[in-house]
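Below is one structure, written out as structure tokens, with a few remarks after it.
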Amino acid sequence: MFRKILIANRGEIAVRIINTAREMGIKTVTVYSDFDEYSLYTKLSDESYHIGESPASKSYLMADKIIETAKISGAEAIHPGYGFLSERSFFAKLCSDNGIEFIGPDHNAIELLGSKTDAKTLAINNKVPVVPGSGKPLTDISEIRKIAKEVGYPVLIKASAGGGGKGMRIVRSENEIEEALRIARSEAKSSFGDDSIFVEKYIDVPRHIEFQILADKHGNVIHLGERECSMQRRHQKIIEETPSVIVNEELRNEMGECAKRLVKASGYSNAGTVEFIVDRNNKFYFLEVNTRLQVEHPITEIRTGLDLVREQLKIAWGEKLDLEQEDIEFRGSVIECRICAEDSENNFIPSTGKITNINKVLGSGMREDTGIEQGDTVSVFYDPMIAKLISYGKDRLSAINRMKRALSQYKIDGIKTNISFLLDLLESPEFIDGNYHTQFIESKFLERLKAKDRPDELTSRALALAAALRAENKKPRQSINGTSEYSHWASKRTENLR
Amino acid sequence: MFRKILIANRGEIAVRIINTAREMGIKTVTVYSDFDEYSLYTKLSDESYHIGESPASKSYLMADKIIETAKISGAEAIHPGYGFLSERSFFAKLCSDNGIEFIGPDHNAIELLGSKTDAKTLAINNKVPVVPGSGKPLTDISEIRKIAKEVGYPVLIKASAGGGGKGMRIVRSENEIEEALRIARSEAKSSFGDDSIFVEKYIDVPRHIEFQILADKHGNVIHLGERECSMQRRHQKIIEETPSVIVNEELRNEMGECAKRLVKASGYSNAGTVEFIVDRNNKFYFLEVNTRLQVEHPITEIRTGLDLVREQLKIAWGEKLDLEQEDIEFRGSVIECRICAEDSENNFIPSTGKITNINKVLGSGMREDTGIEQGDTVSVFYDPMIAKLISYGKDRLSAINRMKRALSQYKIDGIKTNISFLLDLLESPEFIDGNYHTQFIESKFLERLKAKDRPDELTSRALALAAALRAENKKPRQSINGTSEYSHWASKRTENLR
Amino acid sequence: MKKYFISIDCAEPKIEVNLNGLNSSLIDGIESKYSYKIINDNVMVLRMDNLNFYFDFNSEGNEYLQIGLNGRVYDVDCKSDLDVLIEKMSGNKTDGKAVKEIKSPMPGIIKKVNVASGQDVAKGEVLLVLEAMKMENEIKAIVDCKIKKVNVEQMSSVEKNELLIILE
Amino acid sequence: MKKYFISIDCAEPKIEVNLNGLNSSLIDGIESKYSYKIINDNVMVLRMDNLNFYFDFNSEGNEYLQIGLNGRVYDVDCKSDLDVLIEKMSGNKTDGKAVKEIKSPMPGIIKKVNVASGQDVAKGEVLLVLEAMKMENEIKAIVDCKIKKVNVEQMSSVEKNELLIILE
């Protein structure tokens with residue numbers, strides 16, 4: 001096994017990788033920007049090297065600097081984590097050109113799967129369903145009508161040169177198409193100077209369901225089941241769970257086999273994720289492949305009992321998978337919530353500052369992956385996600401209730417977080433029923449949130465008393481018989497109702 | 001289900017019970033002594049009532065006061081946790097006499113199993129192996145010889161009136177017995193005025209292996225596998241694990257069936273633990289039944305995916321077990337380490353004081369059950385165990401390495417702990433091989449520890465530099481360009497080896 | 001006896017709390033026994049008639065004191081009887097005081113300036129777009145108002161709490 | 001340049017550390033670059049030649065500074081060159097100073113008193129038995145010594161650090 005690896009990442013995922021490496025007796029090298037000089041992940045790693053300024057473009061995206069650090073420190077492999085350089089084929093190639101093992105797929109596989117059109121072609125060639133449509137730009141109206149009829153309404157028509165929604169139209173029935181095409185082509189012509197048009201099936205209220213894949217360098221591929229990732233805002237996943245309430249054994253096998261076929265055909269090795277969208281009839285369509293570890297990988301780890309980082313390291317080292325598909329056993333229900341430093345009540349504006357206090361309980365059935373400690377600062381430079389809470393339950397309701405319990409016990413002060421928003425989501429009837437899709441939050445949920453509940457009368461009285469006691473104790477006077485050593489407040493004891 | 005329960009306990013087990021109750025929508029009432037007025041478990045519960053002074057005899061053992069509190073608060077049931085009143089049949093009876101459900105077995109079952117001789121008789125009647133021996137006091141030498149021969153050497157002879165090792169002798173072969181009997185009887189006569197003697201098989205280097213049982217009020221009983229609890233010092237368990245390396249499928253079934261038979265025969269309901277000792281030939285003998293939740297129950301929870309407190313509450317409410325024996329699936333390997341406030345290097349003397357700082361990572365595969373937070377105080381009044389760390393691994397070695405990782409990342413300051421001792425145990429060849437017994441620590445391990453390793457040269461240099469830097473910063477002068485707000489020390493940044 | 005007036009999430013009428021010093025309080029006329037412990041500047045446990053409330057406080061950079069309880073956050077405004085008296089005497093209720101300055105909620109870069117000095121803007125109108133943490137954040141007018149001065153221009157880099165716009 | 005002499009777990013010879021103020025140190029003659037951050041009174045991270053050491057400190061109530069690293073605890077004695085100079089001048093090495101007082105390591109009850117004033121005791125002999133946390137703890141002589149005075153009697157209740165025995 002590797003003796004030493006470099007982790008080209010930061011925050012919670014760096015901590016996550018360090019932990020497994022340490023458990024396997026592998027030394028870890030971390031790199032840091034100015035901001036991260038003493039961030040938790042550096043403290044937990046064996047060695048750390050400064051690689052640049054705080055903005056990622058001047059540090060964590062500096063491929064050459066990272067390769068150089070790997071060489072100086074004697075690291076034999078690089079784990080890219082997620083984000084940053086993790087899906088950049090040139091970086092994987094740079095590693096291999098420098099004799100360093102990239103802990104991820106070969107750069108050719110990254111490139112192939114990184115191209116949406118190449119990946120789609122590969123899917124079609126391997127009998128993996130894709131969203132049906134023209135596949136190529138068309139100008140002939142009758143052909144467009146024909147394909148629209150074939151794939152079935154509603155369809156989406158979009159300018160082939162388009163982007164950002166311009167020249168894009170949903171057509172719900174055949175008698176709307178003529179008019180829609182006219183407008184779309186005219187928009188396309190004026191915006192892009194090209195009036196050719198794609199047409200494909202429009203998937204209304206889709207779910208985002210993805211499959212975790214493990215592939216070794218010897219051609220063995222297994223899947224570890226699905227993750228339901230439809231709870232999104234602005235295309236950012238917020239809550240993920242496994243299993244998905246809509247995926248039964250048969251669908252799981254079918255989708256899993258598709259995912260395996262696709263990955264195998266791409267010459268892939270290491271961990272990867274095949275993303276699908278699923279329509280309301282549970283028909284699924286290939287979306288894309290994420291050629292790296294996902295943020296939400298812990299829910300799969302808990303449901304399968306496996307350590308995905310350990311599997312990644314073993315695969316990168318050249319070991320054969322010691323698991324076959326039939327060895328994978330699923331247990332219980334697992335949910336992940338992403339805790340972000342943002343003000344959910346104020347348009348999710350990122351919240352920065354020093355974390356003055358953290359209290360949490362966790363306990364039975366909970367896992368937390370985090371990259372911060374009390375006293376740390378949340379900056380504008382990086383992702384606002386500060387922790388992931390993961391709950392296990394024998395059944396889905398137990399997992400939900402456990403997550404609610406742990407979130408309500410999680411206190412973090414000095415910044416604002418989305419914890420209250422997460423609780424609202426978990427308590428929504430749609431989530432409880434498992435009846436949600438990628439547009440749920442923006443199309444329905446945010447509106448509903450604006451009518452905020454008032455605290456009940458008891459809570460109001462307690463809040464009022466707490467505020468009064470705080471004000472009373474904040475007064476600039478000597479503290480009397482204080483028991484708190486941390487604070488300039490006074491503290492009182494009472495005989496209570498004994 | 002119950003709407004409100006009272007928890008007649010404190011510390012980590014109270015927190016543990018509160019969490020599951022909260023997940024089930026059950027309100028919790030806690031009781032506290034003077035010392036525990038603001039202990040974590042009170043803060044996390046819905047209501048708290050003062051019941052007396054800090055010594056347990058004046059608070060947590062005050063059965064009447066606790067019953068009264070249950071009535072005042074409207075609690076419908078009492079969870080006794082472990083220790084304190086949990087195995088006192090009179091308390092279970094007091095609950096039922098007052099119309100309060102005791103979350104545990106019926107008082108008759110507690111009484112029956114609480115008597116060593118009654119429990120042993122019950123075992124014999126139900127074909128559960130017990131340590132073979134005379135079973136009753138003997139005076140006739142030839143009968144003693146006969147029984148010794150029957151059970152096989154070595155045998156233990158002990159004064160029937162004895163205690164504390166007096167009049168107790170191990171006899172390893174038949175030609176030693178005459179002399180040994182003479183001495184034992186003379187000691188017994190002079191010490192107790194009674195020279196009658198028990199004789200039973202002496203189990204050398206025994207293992208302590210126990211089985212978790214669940215029994216409902218409808219006569220259904222299942223077992224949840226074994227826990228290996230042989231790592232003990234002064235009869236206190238320190239590290240527990242499941243599965244035991246010596247228990248194979250066949251032995252598990254056999255012991256599990258014995259445990260179930262015994263529990264069923266006693267009219268038992270709720271969670272319980274049947275303890276066995278196992279000799280070096282893997283022959284097992286019934287020891288006793290613990291009629292309550294065990295400290296080490298989390299390892300069974302993780303290996304089976306069940307929540308034992310939830311099962312306890314369902315059983316107490318009168319529900320039928322929704323699991324049959326064949327539904328129980330075991331996964332992976334789980335280890336628990338008990339973190340105690342004690343000075344392992346100084347004869348394990350308890351360490352008390354204020355916990356000034358806690359830093360821990362936990363993360364993937366780790367669970368912590370604790371009753372303390374940073375700023376809390378460890379007192380002399382209660383058990384020195386302050387936290388339990390539990391590690392899961394796909395296999396035993398992964399679980400061990402994960403536990404070592406988490407222990408080495410667990411910083412707790414202000415008191416001394418046994419963390420270093422736990423690491424020494426985990427690293428001992430005997431533990432790694434699973435080749436240990438209840439006498440291992442006292443007979444072999446402590447002696448070995450005295451030859452303490454020196455830190456390596458690099459660690460020494462770093463320690464020296466850290467001490468010098470601390471001394472330099474502790475000087476009574478103005479801090480210069482400090483970045484730490486918590487401390488009166490100065491803090492420095494450097495350009496490092498960029 | 002100390003008297004305080006508290007408003008939660010801007011609710012009116014305010015809750016009146018009387019602390020009488022014997023660990024007994026009168027909250028809107030209802031008497032409660034209590035005890036409490038301040039754990040640190042951010043955390044406090046209150047036991048009111050044997051019920052536990054494990055609060056945390058967040059006050060920095062916010063108009064109101066934010067009190068967290070069981071994962072929920074409440075905006076709490078607390079004034080002593082003295083505060084109220086001073087307000088009355090100065091004839092200027094703090095509550096009615098309009099916001100006169102708009103400050104940056106976080107460090108970032110101004111991507112867009114939609115308004116100019118002297119301009120009238122309606123509640124909800126986007127004044128500026130601030131980019132931070134790779135996200136665009138719209139800064140909107142929370143009341144109808146008139147712009148007195150815009151202190152930043154497009155692509156200005158701003159710090160947290162930096163003054164962006166002054167209102168009339 | 002500041003100079004310190006450090007002994008770890010009583011090892012001799014001591015390690016000599018020179019801090020030269022440029023984030024560079026000379027430790028027993030070996031040069032190291034370093035940076036560090038003091039997180040709080042108990043925790044410090046040191047980066048020495050790019051290697052990370054995440055230390056915690058425990059000093060209260062102990063003779064030595066206890067430094068924790070990766071779950072292990074080391075007794076560290078640290079003296080500046082000035083300390084050493086003062087020791088030399090006073091002709092009394094602190095190291096050689098015998099323990100003259102035996103204090104209670106924790107609160108508890110004295111269950112047994114095995115010695116009396118004037119008695120000679122050998123190293124390892126049990127002087128007292130202290131019951132605390134439901135456990136009996138033996139307090140032994142760590143060197144051969146003579147008892148000057150016993151301050152407690154059987155069933156005395158004692159506080160932490162209370163003086164139990166004075167040695168000659």
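Order of the sequence lines fixes the chain letters, A, B, ..., with proteins taken first and strands second; residue numbering starts at 1 for each chain.
Remark: side-chain polar atoms of D/R72 are paired, donor with acceptor, to backbone N or O of B/S420 under 3.5 angstrom. Looking only at distances, no side-chain donor or acceptor of D/D56 sits under 3.5 Å from a matching main-chain atom of B/D413. Under the 3.5 Å distance criterion, the side-chain polar atoms of B/K411 are left unmatched by any main-chain donor or acceptor of D/F57.
By the 4.5 Å heavy-atom criterion applied to side chains, B/L463 and D/I6 are not counted as neighbours. A 4.5 Å side-chain heavy-atom check between B/P455 and D/D9 finds at least one atom pair inside the cut-off. Within the 4.5 Å cutoff, no side-chain heavy atoms of B/L465 are placed close to those of D/Y36.
When every heavy atom of B/L423 is checked against every heavy atom of D/N70, the shortest pair comes out as CD1-O, 3.7 Å. D/I67 and B/A467 get closest at one heavy-atom pair: CD1-CB, 4.3 Å. Of all non-hydrogen atoms in B/A464 and D/V17, the two that sit nearest each other are CB-CG2, 3.7 Å. Here the shortest heavy-atom pairing between B/A466 and D/L46 reads N-CD2, 4.3 Å.
Atom CD1 in B/I355 sits 11.0 Å away from atom CG in D/N42 (nearest 0.5 Å). For the atom pair CG (B/L469) and NZ (D/K37), the distance works out to 15.5 Å, reported to the nearest 0.5 Å. The distance from atom CG of D/N58 to atom CD1 of B/I415, rounded to the nearest 0.5 Å, is 8.5 Å. The line from CG of B/N357 to CG of D/N40 is 4.5 Å long, rounded to the nearest 0.5 Å. Once rounded to the nearest 0.5 Å, the distance linking CG of D/D28 with CZ of B/R461 reads 8.5 Å.
Using a 4.0 Å cut-off between charged side-chain N and carboxylate O, D/D41 and B/R470 make no salt bridge.
Donor-acceptor pairing under 3.5 Å is lacking for the side chains of D/Y54 and B/Q409.
Heavy atoms closer than 4.5 Å to chain B are found in both the backbone and the side chain of D/F55.
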